[in-house]
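A short worksheet on the structure shown next.
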Number of protein chains: 4
Amino acid sequence: MTEIFDSSTPIYLQLVERINRQILRGELKPGDKLPSVREMGIQSGVNPNTVQRTYRELEGMKIVESKRGQGTFVTENQKILQDMREQLKQEEISHFVESMKAMGYSESEIVNGLEVFLSQIEGSESE
Amino acid sequence: MTEIFDSSTPIYLQLVERINRQILRGELKPGDKLPSVREMGIQSGVNPNTVQRTYRELEGMKIVESKRGQGTFVTENQKILQDMREQLKQEEISHFVESMKAMGYSESEIVNGLEVFLSQIEGSESE
Amino acid sequence: MTEIFDSSTPIYLQLVERINRQILRGELKPGDKLPSVREMGIQSGVNPNTVQRTYRELEGMKIVESKRGQGTFVTENQKILQDMREQLKQEEISHFVESMKAMGYSESEIVNGLEVFLSQIEGSESE
Amino acid sequence: MTEIFDSSTPIYLQLVERINRQILRGELKPGDKLPSVREMGIQSGVNPNTVQRTYRELEGMKIVESKRGQGTFVTENQKILQDMREQLKQEEISHFVESMKAMGYSESEIVNGLEVFLSQIEGSESE
DNA sequence: GTGGTCTAGACCACA
DNA sequence: GTGGTCTAGACCACC
């Protein structure tokens, strides 16, 4: 299975992002083992060296711990995961607000639009 | 000046997006002349044919009117521009909510996070 | 087989016209696959890019659906085809009336001439 | 003033057609003088030889008479003009019926469509 | 194979 | 100058 990567940013960073999201969404839980470097390389259609670089990066962020001979595991340190969650949230919000302002919307229009949107999808949830 | 394009989506669509935003932000006003296809081609580091494809697309959306021998102009039809503004807003909001939910946030957390963010930047507006 | 095109209107529009008529006449039925852009290019003695422009145009009219890797197909949406049929009929009639009036015929002469003509060919139908 | 000619049929035939229509529409009346070969050449952006050929053709059809030293005149023979009028009418009707049938319309649909069309434009004549 | 995008360069029509 | 069409040929994504 070949994956799709945006060629404008390095693949290893995109992999970092993807794994972070998997953790945030609960697809990967604290203590879970990540696929081996080789395995992930095949899954992602990417060179194992790139995966290695990804895991090193995640380890630097304390999100992941490598245990020699056993594999790479999601940290059990809840605080770190919380911090990451918070940080990604801020980035997402910031990007959203920036885009809306770039389109000329005022802050109140932004909040209002969001609330209207949420109330709408509530009504059509299971259609 | 060579521009950077995300290779994952067609250049002509990225150009469409960019021009739409310029119109929404008021950088291009109704009746304004766009750069000629050749001029824009140079500015964007892109083939004139690609720019023309962009302009043709915009013309199909009724956002722009091309007059042979004269140039390409932003429509003066305010209703169309309003519709586009509204549509892009919806897309932006929808994308935002989807991302936040993908990260496991509840609707109330999303609204709350947005409001906190806005109250923060208010304090540091003119720094 | 090289085809003949009227040089006064763009080839891609003439191709659009031709395909529309083929659909209206039932030579192409809903769901039918059109020749590939390359194939049609050879058949028509025209560049594949020109054929693609044609297909893109038809897709914009919702008359055709292109599926990457599979081909281009006549829509199965009967309503669209009916609308097109009606529209082309109106254009044909309008053009006819205009020509006749330009030659100085009154409306009743036009209707009368048509009816006489039709009654004549009825007699010589299967010659 | 440069005129527009369809490059798929000879210019002199297109000129013949045009003059015929002018006569039928009453823009040129029996006995009227046509522009000189040179004059018409300039008006139409066409070589005088081409005009010469056109006039010769019209003379062969008895629609026009050349009087040496005076010019070329529309015939005063009403019968000829009537015949031409009738012939062009037949061609126009025939072409119309053929097109409509090619689109799959029955004879009654053709007549009906025409009548509906005429009744519609009657209501919006002077808008 | 299929459609889709992009380029380079030509030629045309309009003004 | 402007936009519009067309070609030849390249490369990509999907199947």
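Within every chain, numbering begins at 1; the chains are lettered A, B, ... in the order of the sequence lines, protein sequences first and strands thereafter.
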(message) Does F:dG3 have OP1 or OP2 under 4.0 Å away from a side-chain N or O of B:Tyr55?
(response) no
(request) Find out whether A:Met100 and A:His95 are in side-chain contact, i.e. whether some heavy atom of one side chain is under 4.5 Å from a heavy atom of the other. (result) no
(request) Can you tell me the distance, in whole Å, between the CD atom of B:Glu59 and the C1' atom of F:dG3? (result) 9 Å
(message) If you compare every side-chain N and O of B:Thr72 against the phosphate oxygens of F:dG3 (OP1, OP2), does one of them come in below 4.0 Å?
(response) yes
(request) Keeping the roles fixed (side chain from C:Arg25, backbone from D:Met103), state whether a donor-acceptor pair exists under 3.5 Å. (result) no
(message) Can you identify which nucleotide, out of E:dG3, F:dT2, F:dT7, has its nearest atom closest to the B:Ser36 side chain?
(response) F:dT2
(message) Could you tell me the Watson-Crick or G-U partner of E:dA10, where both distances fall under 3.5 Å? Say none if there is no partner.
(response) F:dT5
(request) Round to a whole Å and report the spacing from CG of C:Asn47 to C1' of F:dT5. (result) 11 Å
(message) OP1 or OP2 of E:dT5 versus the side-chain N and O atoms of B:Arg53: is any pair under 4.0 Å?
(response) yes
(request) Check the distance between E:dG4's P and C:Arg56's CZ and give it to me in whole angstrom. (result) 8 Å
(request) Just compare F:dA8, F:dG3, F:dG4 and give me whichever is closest to any side-chain atom of C:Asn49. (result) F:dA8
(message) Surrounding NZ of B:Lys33 (heavy atoms of other residues, nucleotides or ligands, distance under 6.0 Å), is the total greater than 12?
(response) yes
(message) What I want to check is whether the side chains of C:Gln90 and C:Glu86 have a donor and an acceptor closer together than 3.5 Å.
(response) yes
(message) Is a donor from one side chain sitting under 3.5 angstrom from an acceptor on the other, for B:Thr75 and B:Asn77?
(response) no
(message) In whole Å, I'd like the distance from the CD atom of B:Gln14 to the C1' atom of E:dT5.
(response) 12 Å
(request) Report yes if a side-chain nitrogen or oxygen of C:Tyr12 is closer than 4.0 Å to either non-bridging phosphate oxygen (OP1 or OP2) of F:dC6; otherwise report no. (result) no
(request) Look at the side chain of B:Gln52 and decide which nucleotide, out of F:dT5, F:dC14, E:dC6, has an atom nearest to it. (result) F:dT5
(message) Reading DNA chain E from 5' onward, which residue's closest nucleotide shows up sooner: C:Lys33 or B:Val46?
(response) C:Lys33
(request) Take the protein atom CD of B:Glu57 and the nucleotide atom P of E:dT5, then report the distance between them rounded to whole Å. (result) 8 Å
(message) Expressed as a whole number of angstroms, how long is the span from C:Leu15:CG to F:dT5:P?
(response) 13 Å
(request) Report the distance from atom CZ of C:Arg68 to atom P of E:dG4, rounded to the nearest whole Å. (result) 7 Å
(request) Please evaluate the base of E:dG1 for a donor-acceptor partner in the side chain of C:Arg38 within a cut-off of under 3.5 Å? (result) no
(message) Please tell me if C:Thr50 has a side-chain N or O lying less than 4.0 Å from either OP1 or OP2 of F:dT7.
(response) yes
(message) Measure CG/C:Leu58 against P/E:dG4 and give the value in whole Å, please.
(response) 12 Å
(request) Just compare E:dC6, F:dA13, F:dG4 and give me whichever is closest to any side-chain atom of B:Ile11. (result) E:dC6
